[in-house]
Amino acid sequence: MDDQELIKVLESVHKEGLNSETVTQIKSFLKERLRQVDESNEEYSDLIATAFQTLLKAYICPIVIIYEDKDRRKIENASGVLMDINESLFLVTNKHVTDFYFNNENCIFKVGDLQIDLATLLIDVNETLDLATISLSHDDLKSINVSCYKEPYRPQSGPLSNFSELVGEVVTVVGYPGVLRHDNMQESVLGFGAYSGPVSDVSEISITIPIDMDQVVKLFGEDDPELLRIRLGGFSGGGVFILKSDGEFHLVGIIKEDLGSFLYGLKATPSNMICKNGMIVTQYDLYNGR
């Protein structure tokens, strides 16, 4: 597939959304195009970055939480990464996202169009890592796919052996940022967001990705600093991916928070904290579970 053919695929995705065929086409393009880049020592093109960001939408789900607080209806939005490890299907998000469900009565927790009973489907949580994993069935995935195509990310190998090597590497963060309107259309304004930029710092339990202010304004069409920070909140539970030169890509982190009032950017928990069957590593378990 050449660049013009890919542009046509991306245009169709923009109009009609992803499907299994376009996901396969984009993957095929990335492998072939990156092989050419590697052989010629070219720089990655904007088209490669756009194709990769578009592909990643297949693995990220929007989350909407509706609850009552002091007799007022409140709505929060977040993101989750669909994963399948050893044929175990689950969603990864943040513990602070699932807390809305457990800390409020009559709470509705929706993954895409699917309303779930989080109390029965929660696999594991970890407060220190701010991670939560939620069991899903293939029937659940079919329900999620009614309005928007999604498929689970299936790791082709184990997590990176040395996450410190990510410093300086360009990664792509993806999720459903934004602010929901508090009216009868409140669920209609969530939009997929993606940003590619270099990692600035890595610790054992955190990855830091600064975000260029101009890119944030471009992403949201908004230049008010406080509103921009609020809009970044919807990235919580989204994914951090890296595209390798052979066209393979890896989940390297789960977004957990922004960088606060000092810098624009995001922090993520390294993906090696997630084990098979959706369990979370126990050595950081300062929270005894629910």
Side-chain angles (χ1 to χ4, degrees), residues 43-57 59-60 62-63 76-81 92-97 128-131 153 159-179 190-245 249-274 284:
E43 294 289 332
Y44 283 9
S45 68
D46 288 342
L47 184 59
I48 291 174
T50 300
F52 186 46
Q53 292 175 356
T54 301
L55 171 66
L56 294 180
K57 185 177 182 179
Y59 310 110
I60 310 297
I63 294 174
E76 304 289 344
N77 59 291
S79 308
V81 181
V92 185
T93 188
N94 296 136
K95 178 186 176 292
H96 78 257
V97 172
T128 304
L129 301 173
D130 198 6
L131 286 179
Y153 167 73
L160 301 181
S161 58
N162 186 357
F163 275 75
S164 64
E165 294 178 355
L166 284 174
V167 175
E169 293 286 338
V170 173
V171 295
T172 298
V173 299
V174 284
Y176 282 84
V179 173
L190 273 181
F192 178 75
Y195 171 80
S196 297
V199 172
S200 65
D201 188 48
V202 174
S203 72
E204 197 170 8
I205 62 171
S206 190
I207 300 168
T208 303
I209 308 106
I211 295 181
D212 179 80
M213 177 64 171
D214 291 338
Q215 292 297 320
V216 178
V217 172
K218 181 180 178 181
L219 182 63
F220 295 114
E222 174 64 67
D223 58 7
D224 180 281
E226 185 56 31
L227 288 177
L228 284 172
R229 198 169 307 287
I230 292 171
R231 280 157 172 73
L232 285 177
F235 271 117
S236 290
V240 182
F241 291 83
I242 188 168
L243 179 63
K244 306 301 286 186
S245 60
F249 56 96
H250 304 275
L251 175 69
V252 296
I254 303 296
I255 301 165
K256 59 183 176 181
E257 62 182 343
D258 65 43
L259 296 182
S261 59
F262 185 65
L263 291 171
Y264 286 103
L266 298 164
K267 282 191 175 183
T269 297
S271 61
N272 63 346
M273 301 298 164
I274 305 163
Y284 299 102

message = Whether the side chain of Asn94 engages the backbone of Ile255 through a donor-acceptor N/O pair (distance < 3.5 Å, no angle test) should be reported.
response = yes
Sequence neighbours excluded, the answer for side-chain contact (heavy atoms from CB on, under 4.5 Å) partners of Thr50 is Leu10, Thr54
Scanning both residues in full, the closest heavy-atom pair of Leu131 with Met273 reads CD1-CB, 4.0 Å
In short, Pro198 meets Gly168 closest at the heavy-atom pair CB-O, 3.9 Å
side-chain contact (heavy atoms from CB on, under 4.5 Å) filter on Gln53, not counting sequence neighbours, yields Thr172, Ala194, Ser196
Open item on the list: Please tell me whether Phe241 and Tyr153 form a close aromatic pair, meaning their ring centres lie under 6.0 Å apart.
Closed with: yes
Practice prompt. Quick one: sort the Tyr59 and Phe249 rings into parallel, tilted or perpendicular, breaks at 30° and 60°.
Written response: tilted
For Phe163 and Ser271, the nearest pair of non-hydrogen atoms, with its separation, is CZ-OG, 3.8 Å
Can you tell me if Thr208 uses its side chain to pair, donor with acceptor, with the backbone of Ser200 under 3.5 Å? no
Here the gap from Ile205 atom CD1 to Asn272 atom CG, rounded to the nearest 0.5 Å, amounts to 11.5 Å
The reported gap from CD1 in Ile60 to CZ in Phe192 (rounded to nearest 0.5 angstrom) is 6.5 Å
All heavy atoms of Pro270 vs all of Ser203, minimum pair found to be CG-O, 4.3 Å
Which of Glu257, His96, Lys256 passes side-chain hydrogen bond (donor to acceptor under 3.5 Å, both in side chains) with Ser236? Answer is His96
Val199 and Ile242, any side-chain heavy atoms less than 4.5 Å apart = no
To the nearest 0.5 Å, atom CD of Glu169 lies from atom CG of Leu243 at 11.0 Å
Exercise. How far apart are the C-alpha atoms of Leu251 and Val92, what are their side-chain angles, what is the distance that settles it, and do they pass the side-chain contact (heavy atoms from CB on, under 4.5 Å) test?
Worked result: CA-CA 12 Å; Leu251 175 69; Val92 185; over 6 Å; no
Closest heavy-atom pair, Val240 versus Val173, reported as atoms and distance to 0.1 Å, is CG2-CG1, 3.8 Å
Scanning both residues in full, the closest heavy-atom pair of Leu129 with Thr269 reads O-OG1, 2.7 Å
